[in-house]
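Encoded as structure tokens, the structure appears first; notes follow it.
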Amino acid sequence: MKKTIRIMAAVAAISFACIGNSCATPMAEQEDTTAVHSDAGSTALAYSCPEVPDSIEFCGRTIDLRRFDRRERMDRELLAFTYMHSTSLQMLKKANRYFPVVEPILKDNNIPDDFKYLMVIESNLNPTARSGAGAAGLWQFMPGTGRDYGLEVNANIDERYHIEKATKAACKYLRDAYAKYGNWVSVAASYNAGQARIATQLSKQQVDDSLDLQLVEETARYVYRILAAKQMFANPTSFGFRLRASDLYPPIPCTEVTVTTGISDLAAYARSKGITLAMLKNLNPWLRETSLMNKSGRTYVLKIPTPEGMSYDPKKIIPYNKQWVVDE
């Protein structure tokens with residue numbers, strides 16, 4: 001009877017763990033988290049923890065992580081990326097599609113490449129992400145900030161969802177913040193907290209490094225989340241993620257169509273191009289309605305997937321970064 005109760009308890013514990021993780025754990029990782037039996041007959045689940053490095057490079061600066069508070073903050077974020085399985089896996093998959101677009105824009109605008117990881121934690125690499133506060137797109141611009149940096153934001157067109165334009169706008173914001181602070185770590189912190197708040201707190205708390213500030217939890221975690229994202233993308237297998245090249249999302253080949261007039265029915269327009277409205281808005285998420293008003297006669301460029309590009313062969317996918325995948 002006691003043996004039966006122990007078995008039922010073990011099954012219940014495993015079922016609860018599966019529910020808590022949305023049953024999204026990769027098969028390889030499920031095998032690693034099998035039950036461990038002690039000599040006393042008890043059953044427990046074994047989990048691994050990624051190693052906290054002694055230091056990490058960010059925008060050319062070496063950040064020392066040996067001090068107890070920094071080490072434990074970094075450890076928290078590494079654990080978060082390790083055990084939010086489905087989100088972390090999707091970020092790795094999507095990076096294969098979006099990093100090739102974003103990286104050259106950062107480079108052309110003299111923004112350190114590491115800021116792509118800020119974009120990662122802002123939106124989880126979801127181009128249509130929208131926060132409860134109203135921030136939108138890969139870079140999570142608020143409406144007013146988006147307009148301040150040259151983006152069209154209204155009910156019909158919202159260029160916060162335009163990957164290239166929003167990335168260029170983010171570069172302008174980051175350059176402005178760097179002119180204020182002179183160091184990229186404070187620039188990253190200010191993206192979450194606002195430039196005025198970081199400057200005020202550096203003075204008020206009498207410290208020179210924004211990593212040493214006492215801030216509200218979200219902002220205090222922010223830079224460490226960026227560092228943890230960089231660590232995960234550098235070595236996904238150390239987090240338990242084993243992706244094949246065929247698992248990644250490839251760039252979708254498109255033709256570009258220039259539009260200078262309105263389109264009253266985007267569904268009919270999409271059909272004339274051999275695609276659906278859903279496909280059109282998937283590749284042009286800045287189109288927010290079922291029509292393109294364009295009363296001011298602006299020039300827009302629509303991405304239309306090629307017939308070959310609409311169906312890709314996973315076996316032919318080339319990883320943008322070979323560190324993201326393991327040999328099959």
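Bear in mind that the values here come from a model prediction, so they are computed numbers and not experimental data.
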Find the distance between CG (Leu302) and CG (Asn284) and round it off to the nearest 0.5 Å. 5.0 Å
Pair Trp139, Tyr149 - check ring-ring contact (aromatic ring centres under 6.0 Å, His included), show working. CA-CA 12 Å; Trp139 292 92; Tyr149 283 89; over 10 Å; no
Ionic contact status for Asp158 with Lys165, cut-off 4.0 Å: no
Sequence neighbours left out, cut at 3.5 Å: what donor-acceptor pairs do the side chains of residues 250-270 make with other protein atoms?
{"residue": "Thr255", "atom": "OG1", "partner": "Ile304", "partner atom": "O", "Å": "3.3"}
{"residue": "Asp265", "atom": "OD1", "partner": "Ala267", "partner atom": "N", "Å": "3.0"}
{"residue": "Asp265", "atom": "OD1", "partner": "Ala268", "partner atom": "N", "Å": "3.2"}

Does atom NZ (Lys230) have a neighbourhood of more than 12 heavy atoms from anything else shown, all under 6.0 Å? yes
Whether over 12 other heavy atoms sit under 6.0 Å from Arg197 CZ: no
Could you name each residue pair satisfying salt bridge (Lys or Arg N to Asp or Glu O under 4.0 Å) that touches residues 88-99, not counting sequence neighbours? none
Thr237 vs Asn235, side-chain hydrogen bond (donor to acceptor under 3.5 Å, both in side chains): CA-CA, chis, key distance, verdict: CA-CA 6 Å; Thr237 57; Asn235 189 5; 2.9 Å; yes
Tyr83 vs His85 aromatic rings, parallel, tilted or perpendicular, using cut-offs 30° and 60°? perpendicular
What side-chain donor-acceptor pairs closer than 3.5 Å can you find for residues 119-136, not counting sequence neighbours?
{"residue": "Glu122", "atom": "OE2", "partner": "Tyr222", "partner atom": "OH", "Å": "2.4"}
{"residue": "Ser123", "atom": "OG", "partner": "Met119", "partner atom": "O", "Å": "3.1"}
{"residue": "Ser123", "atom": "OG", "partner": "Leu125", "partner atom": "N", "Å": "3.3"}
{"residue": "Ser123", "atom": "OG", "partner": "Leu138", "partner atom": "O", "Å": "2.9"}
{"residue": "Asn126", "atom": "OD1", "partner": "Thr128", "partner atom": "N", "Å": "3.1"}
{"residue": "Asn126", "atom": "OD1", "partner": "Thr128", "partner atom": "OG1", "Å": "3.0"}
{"residue": "Arg130", "atom": "NH1", "partner": "Tyr161", "partner atom": "OH", "Å": "3.4"}
{"residue": "Ser131", "atom": "OG", "partner": "Ala133", "partner atom": "N", "Å": "3.3"}
{"residue": "Ser131", "atom": "OG", "partner": "Gly134", "partner atom": "N", "Å": "3.3"}
{"residue": "Ser131", "atom": "OG", "partner": "Ala135", "partner atom": "N", "Å": "3.0"}

With Lys281 via salt bridge (Lys or Arg N to Asp or Glu O under 4.0 Å) - residues at least two apart: none
Would you call Lys116 and Asp113 a salt bridge, using N to O less than 4.0 angstrom? yes
Tell me, please, which residues at least two apart from Glu164 pass salt bridge (Lys or Arg N to Asp or Glu O under 4.0 Å). Lys303
State which residues pass salt bridge (Lys or Arg N to Asp or Glu O under 4.0 Å) with Arg271; sequence neighbours excluded, sorted by chain then number. none
What I want to find out is whether Arg298 reaches Glu152 closely enough, with some N-O distance under 4.0 Å, to be called a salt bridge. yes
Could you please spell out the steps behind the side-chain hydrogen bond (donor to acceptor under 3.5 Å, both in side chains) verdict for Glu72 and Tyr224? CA-CA 10 Å; Glu72 291 177 9; Tyr224 290 95; over 6 Å; no
When rounded to the nearest 0.5 Å, the distance separating CG of Leu79 from SG of Cys49 is 4.0 Å
Quick one: do Asp54 and Arg70 make a salt bridge, cutoff under 4.0 Å? no
Could you go through Phe239 and Phe81, starting from their C-alpha distance and side-chain angles, then the distance that decides it, and tell me whether this counts as ring-ring contact (aromatic ring centres under 6.0 Å, His included)? CA-CA 8 Å; Phe239 288 72; Phe81 276 100; 7.2 Å; no
Could you list the residues that satisfy side chain to side chain contact (heavy atoms under 4.5 Å, CB included) with Cys59, not counting sequence neighbours? Pro112, Asp114, Phe115, Trp184
In chain order, what residues pass the salt bridge (Lys or Arg N to Asp or Glu O under 4.0 Å) check against Lys180, with sequence neighbours excluded? none
What's the separation between atom OG in Ser210 and atom CD1 in Ile198, rounded to the nearest 0.5 Å? 6.0 Å
Side chain to side chain contact (heavy atoms under 4.5 Å, CB included) partners for Pro53, two or more places apart: Leu65, Leu78, Gln231
Which value, rounded to the nearest 0.5 Å, describes the distance between Tyr300 atom OH and Asn294 atom CG? 5.0 Å
Which donor-acceptor pairs under 3.5 Å do the side chains of residues 305-314 make with protein atoms, sequence neighbours left out?
{"residue": "Thr306", "atom": "OG1", "partner": "Gly309", "partner atom": "N", "Å": "2.9"}
{"residue": "Asp313", "atom": "OD1", "partner": "Lys315", "partner atom": "N", "Å": "3.0"}

Under 4.5 Å between any side-chain heavy atoms of Glu51 and Asp75, yes or no? no
Which residues pass the side-chain hydrogen bond (donor to acceptor under 3.5 Å, both in side chains) test with Arg175, not counting sequence neighbours? Asn109
What residues, two or more places apart in sequence or in another chain, satisfy side chain to side chain contact (heavy atoms under 4.5 Å, CB included) together with Thr200? none
